[in-house]
Amino acid sequence: MGPLPRTVELFYDVLSPYSWLGFEILCRYQNIWNINLQLRPSLITGIMKDRNKPPGLLPRKGLYMANDLKLLRHHLQIPIHFPKDFLSVMLEKGSLSAMRFLTAVNLEHPEMLEKASRELWMRVWSRVSVGLWESSGRTLDDFLTFPRHVFRVMILPPPGGSTVLPVTPLSPHRLPAVFSSSQNEDITEPQSILAAAEKAGMSAEQAQGLLEKIATPKVKNQLKETTEAACRYGAFGLPITVAHVDGQTHMLFGSDRMELLAHLLGEKWMGPIPPAVNARL
């Protein structure tokens with residue numbers, strides 16, 4: 001009989017794009033490493049309050065983050081895209097209902113938590129609806145990397161112009177652009193959450209039953225307790241990965257500490273896409 005699996009906890013919020021990256025890498029390794037992966041739905045606003053400011057809300061960090069996610073999309077093979085209404089997503093819409101729903105899933109049907117979490121991330125960070133993007137010095141290449149089947153694109157003429165410019169695959173124009181998308185998915189409305197749940201494989205009745213529980217004290221208290229547990233581990237943002245190894249607890253922040261995690265676990269790091277794993281989402 002081999003050694004018992006080490007417990008690895010991932011505290012995450014679907015509002016956090018880096019949480020998604022760490023989530024997918026750990027899911028790829030959960031059947032390769034000798035670990036017991038425990039997913040911990042948390043509330044990032046509860047952690048950030050009085051502790052830190054989200055990186056996307058700081059101008060220079062926001063610009064860095066947008067480019068960073070673009071690079072990581074290709075490197076990690078995760079279809080992540082920066083939403084056009086980022087500030088609205090972060091400051092106005094939030095993720096309270098979504099994280100309460102995932103908490104209910106974890107309490108009632110933990111076997112569905114991985115798929116349900118992924119579908120909510122896909123709604124806010126992948127299948128995005130892009131509207132008017134004001135000219136900000138970015139080239140249109142930034143947008144033309146989106147899947148071709150999602151968008152219909154028009155480039156508005158420069159001030160004083162009279163015609164609409166055609167789109168070319170590598171347009172160098174730095175102009176305002178209008179993107180009309182066939183998708184408009186969020187994670188705040190009940191129907192959005194139900195759609196994500198059903199796409200994750202739940203029946204309509206099962207999803208509705210879980211949604212009805214998000215306002216119960218049991219679910220609210222559990223989400224609060226999980227968020228407070230993350231803070232006790234020292235979280236100042238999300239994601240955090242907590243590894244329990246040989247009686248010691250190690251808290252790692254971010255999605256780019258997986259090689260260090262492998263070292264702590266005594267496991268082999270084979271890159272973000274280990275052999276024999278199909279990374280396509």
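One is the number of the first residue; the rest follow in order along the sequence.
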As an exercise, state the distance from CD1 of I78 to CG of L69, rounded to the nearest 0.5 Å. 10.5 Å

Can you check whether Y18 and W125 have ring centres sitting under 6.0 Å from each other? no

Between D186 and S192, is there a donor-acceptor pair closer than 3.5 Å when you use the side chain of the first and the backbone of the second? no

Describe, in one word, how the ring planes of W121 and F23 are oriented to each other, choosing from parallel (under 30°), tilted (30 to 60°) and perpendicular (over 60°). tilted

Take T241 and E9 through the side chain to side chain contact (heavy atoms under 4.5 Å, CB included) test and state the conclusion after the steps. CA-CA 6 Å; T241 304; E9 301 176 85; over 6 Å; no

Nearest atoms (heavy-atom pairs only) where M112 meets G201: CE-C, 3.9 Å

Show, in sequence, the C-alpha distance, side-chain angles and deciding distance for L264 and L252, and conclude whether the side chain to side chain contact (heavy atoms under 4.5 Å, CB included) test is met. CA-CA 11 Å; L264 293 171; L252 306 176; 4.2 Å; yes

Let me confirm one number: the OG1-CD1 distance from T188 to I193, rounded to the nearest 0.5 Å. 7.5 Å

Mind listing the closest non-hydrogen atom pair of L10 and G22 along with its distance? CD2-C, 4.4 Å

Find out whether L76 and I273 are in side-chain contact, i.e. whether some heavy atom of one side chain is under 4.5 Å from a heavy atom of the other. no

Assess the residue pair L210 and E108 against the criterion (side chain to side chain contact (heavy atoms under 4.5 Å, CB included)); give the C-alpha distance rounded to whole Å, side-chain angles, the decisive distance to 0.1 Å, and a yes or no. CA-CA 8 Å; L210 290 170; E108 301 286 336; 3.6 Å; yes

State whether the side chain of R100 and the backbone N or O of V219 hold a donor-acceptor pair below 3.5 Å, judged by distance alone. no

May I have the step-by-step check of side-chain hydrogen bond (donor to acceptor under 3.5 Å, both in side chains) for Q30 and E114, ending in yes or no? CA-CA 12 Å; Q30 65 179 327; E114 178 183 332; 3.2 Å; yes

When you measure from the side chain of S42 to the backbone of R40, do you find a donor-acceptor pair of N or O atoms at a distance under 3.5 Å? yes

Residue Q208 excluded, over 12 heavy atoms near CD under 6.0 Å: yes

Smallest separation among heavy atoms of R123 and A195, with atom names: NH1-CB, 3.7 Å

Heavy atoms of L37 and C27 approach each other most closely as CD2-N, 4.3 Å

Side-chain heavy atoms nearer than 4.5 Å, only ILVMFWY residues, links allowed to pass through others: does that put M251 and F11 together? yes

Membership question, hydrophobic clusters at under 4.5 Å side-chain separation (ILVMFWY): are I80 and Y64 in the same one? no

Hey, are the side chains of M48 and F236 touching, using non-hydrogen atoms and a 4.5 Å cut-off? no

Indicate if L113 and L107 have the same hydrophobic cluster label, given that clusters are the connected sets of ILVMFWY residues with side-chain heavy-atom separations under 4.5 angstrom. no

Side chain to side chain, P110 and V105, heavy atoms closer than 4.5 Å: no

Within-4.5 Å side-chain heavy-atom neighbours: L26 and L261: yes

Should S117 and Y12 be marked as a side chain to side chain contact (heavy atoms under 4.5 Å, CB included) after you check the CA-CA gap, both sets of side-chain angles, and the distance that decides it? CA-CA 10 Å; S117 299; Y12 66 94; 2.7 Å; yes

Rounded to the nearest 0.5 Å, how far does CZ of R73 lie from CG of D68? 11.5 Å

Is H250 close to V242 at the side-chain level, that is, under 4.5 Å between some pair of heavy atoms? no

Are the side chains of H244 and V8 in contact, using a 4.5 Å heavy-atom criterion? no

CE/M99 to CG/N106 distance, rounded to the nearest 0.5 angstrom? 10.0 Å

How about P272 and Q77: do any of their side-chain heavy atoms sit closer than 4.5 Å? no

Let me confirm one number: the CG-OG distance from L238 to S19, rounded to the nearest 0.5 Å. 5.0 Å

Distance col, row T103:OG1 vs L223:CG, nearest 0.5 angstrom, shows 4.0 Å

For the residue pair W33 and P5, establish whether any side-chain heavy-atom pair is separated by less than 4.5 Å. no

Can you give me the closest heavy-atom contact between T216 and K213, atom names plus distance? OG1-O, 2.6 Å

side-chain hydrogen bond (donor to acceptor under 3.5 Å, both in side chains) assessment of S95 paired with D13: CA-CA 8 Å; S95 60; D13 187 322; 2.8 Å; yes

Counting only heavy atoms not in E111, do more than 12 fall under 6.0 Å of its CD? yes

Hey, what's the ring geometry for W269 with Y29, parallel, tilted or perpendicular (30° and 60° as the breaks)? parallel

For M122 and P79 the tightest heavy-atom approach is SD-CG, 4.1 Å

Assess the residue pair E24 and R28 against the criterion (salt bridge (charged side-chain N to carboxylate O under 4.0 Å, His left out)); give the C-alpha distance rounded to whole Å, side-chain angles, the decisive distance to 0.1 Å, and a yes or no. CA-CA 6 Å; E24 293 296 352; R28 293 168 184 173; 5.2 Å; no

